[in-house]
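Note that the structure is a prediction, hence the values are computed from the model and not measured. Quick note: residue numbers are just sequence positions, from 1.
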Amino acid sequence: MIKNIITVVITALTCLSCNSQQASSNSSVAQNDDVFNTKGGKQVTFTFIKHGSLEIKYDGLSIQIDPVRELPPATDYSKFAKADFILVTHEHFDHFDKEAIATLKGEQTKIILNQRCAQMLGEGSAMSNGDKMQLRDDIMLEAVPAYNIIPDHIKFHPKGRDNGYVLDIDGLRIYVAADTEDIPEMAQLKDIDIAFLPCNQPFTMTPEQLSNAARMFNPKVLYPYHYSDTPIERVKDLLKDTKIDVRLRNMK
């Protein structure tokens, strides 16, 4: 009898081990990634690198946004695949890093920047607020305004210089706001599925401003990012009366 019980226990443990190994081998999504489906049924994967730095993967493509190496924690971009597209929002050190761009750049990489960064880098395609660019048949990019409105803060991000970006990837609409406050142009954003909004005064927004910004265009999913030491949990409290899915990730 005891021998039979031991056999059953060993068999059960073996099955659990096999199932665990199979689940692990079948999982292609890292713990720091989130995955969404496009209207066409394809997957878009977000890797939350840090602060204002993101990687978006779609259909074999890598889109890097504001890659920066030395801002803590340091990032080794040689461990990433060569980017198909690199988007840069503005010239500040925590968004624009020539060496990170050089590391990610391959023979076919397309670099897209605001006008100032294109001048500083000496290459790439410059976009201004309101410009649109077809990256692929199923990917449209639009540059949108990103700036400060509090008088004492306008010096950080003056109107018309920097870009936020709206990416339409096979019908999935993604808004990366960059360094901005709750500007009136946000009310013109339509059908945003996923939004990244910054939250660190005096450079970007307070949690209250971020809440107001989100209410202007009601994204389905909201990621506060670029938040430094802001008590970011407050954003969830401020938006708990909405249907917005606020997701907190390590984007300090």
Side-chain angles (χ1 to χ4, degrees), residues 29-38 44-56 65-66 68 71-73 75 87 89-90 92 94-95 144-157 159 162-169 172-252:
V29 180
Q31 290 183 349
N32 61 335
D33 289 348
D34 280 5
V35 179
F36 295 85
N37 290 324
T38 69
V44 174
T45 302
F46 292 89
T47 298
F48 308 96
I49 299 173
K50 62 186 176 188
H51 197 59
S53 302
L54 303 163
E55 183 186 30
I56 301 174
I65 300 175
D66 286 347
V68 173
L71 186 76
T75 303
L87 309 183
T89 61
H90 66 290
H92 290 167
D94 54 340
H95 296 264
V144 296
Y147 61 95
N148 287 108
I149 52 178
I150 294 176
D152 288 346
H153 301 169
I154 291 173
K155 60 189 176 185
F156 299 126
H157 307 98
K159 186 176 182 179
D162 305 341
N163 289 337
Y165 293 110
V166 175
L167 275 159
D168 188 314
I169 301 178
L172 187 73
R173 290 178 54 77
I174 304 155
Y175 173 43
V176 181
D179 286 11
T180 188
E181 292 183 76
D182 49 343
I183 57 177
E185 290 90 341
M186 288 182 179
Q188 301 171 18
L189 296 168
K190 303 298 181 186
D191 303 320
I192 299 297
D193 295 297
I194 302 157
F196 291 85
L197 294 178
C199 194
N200 69 321
Q201 278 279 305
F203 306 106
T204 65
M205 293 188 275
T206 63
E208 288 74 18
Q209 284 180 298
L210 194 155
S211 172
N212 181 57
R215 291 170 189 272
M216 287 190 204
F217 61 94
N218 288 303
K220 292 183 177 70
V221 178
L222 167 63
Y223 292 103
Y225 82 141
H226 195 292
Y227 54 80
S228 299
D229 294 322
T230 305
I232 203 64
E233 295 81 6
R234 176 148 175 73
V235 173
K236 295 195 77 166
D237 291 336
L238 290 167
L239 291 171
K240 64 184 179 182
D241 63 324
T242 72
K243 294 182 179 180
I244 300 171
D245 180 2
V246 181
R247 302 186 184 185
L248 303 183
R249 299 293 182 265
N250 188 12
M251 294 295 287
K252 185 173 181 178

From [atom1] ([X]) to [atom2] ([Y]), nearest 0.5 Å:
X: His157; Y: Asp179; atom1: NE2; atom2: CG; answer: 3.5 Å
X: Ile56; Y: Ile174; atom1: CD1; atom2: CD1; answer: 4.5 Å
X: Thr204; Y: Gln201; atom1: OG1; atom2: CD; answer: 6.5 Å
X: Arg249; Y: Ile232; atom1: CZ; atom2: CD1; answer: 13.0 Å
X: Leu197; Y: Leu222; atom1: CG; atom2: CG; answer: 5.0 Å
X: Ile49; Y: Asn250; atom1: CD1; atom2: CG; answer: 12.0 Å

Testing His153, Lys159, Glu181 one by one against Asn148 for a side chain to side chain donor-acceptor pair (under 3.5 Å), which residue passes? Glu181
Where do Asp34 and Val221 land on the side chain to side chain contact (heavy atoms under 4.5 Å, CB included) test, with the steps shown first? CA-CA 11 Å; Asp34 280 5; Val221 178; over 6 Å; no
Exercise: identify the closest heavy-atom pair between [X] and [Y]:
X: Thr230; Y: Cys199; value: OG1-O, 2.6 Å
X: Gly164; Y: Ala146; value: N-CB, 3.8 Å
X: Pro198; Y: His226; value: CB-CB, 3.9 Å
X: Ser228; Y: Asn200; value: OG-ND2, 3.5 Å
X: Ala195; Y: Phe217; value: CB-CE1, 3.8 Å
X: Lys50; Y: Pro73; value: NZ-O, 2.9 Å

Asp66 side chain to Thr89 side chain, donor-acceptor N/O pair below 3.5 angstrom: yes
What I want to check is whether the side chains of Asp33 and Thr47 have a donor and an acceptor closer together than 3.5 Å. yes
Among Ile183, Thr180, Asn163, Asp162, side-chain contact (heavy atoms from CB on, under 4.5 Å) partner for Pro145: Ile183
Test ring pair (Phe, Tyr, Trp, His ring centres under 6.0 Å), reference Phe196, set Tyr227, Tyr165, Tyr223, output is Tyr223
Trace of the side chain to side chain contact (heavy atoms under 4.5 Å, CB included) decision for Met216 with Leu189: CA-CA 8 Å; Met216 287 190 204; Leu189 296 168; over 6 Å; no
Taken in chain and number order and not counting sequence neighbours, the residues that satisfy side chain to side chain donor-acceptor pair (under 3.5 Å) with Lys220 are Asp193
Do His51 side-chain atoms and Met251 backbone N/O form a donor-acceptor pair below 3.5 Å? no
Angle class for the His90/His95 ring planes (parallel below 30°, perpendicular above 60°, tilted otherwise)? tilted
Do the side chains of Asp241 and Arg215 get close enough for a salt bridge, i.e. N-O under 4.0 angstrom? yes
Can the ring centroids of Tyr225 and Phe48 be said to lie less than 6.0 angstrom from one another? no
Side chain to side chain, Leu210 and Pro224, heavy atoms closer than 4.5 Å: yes
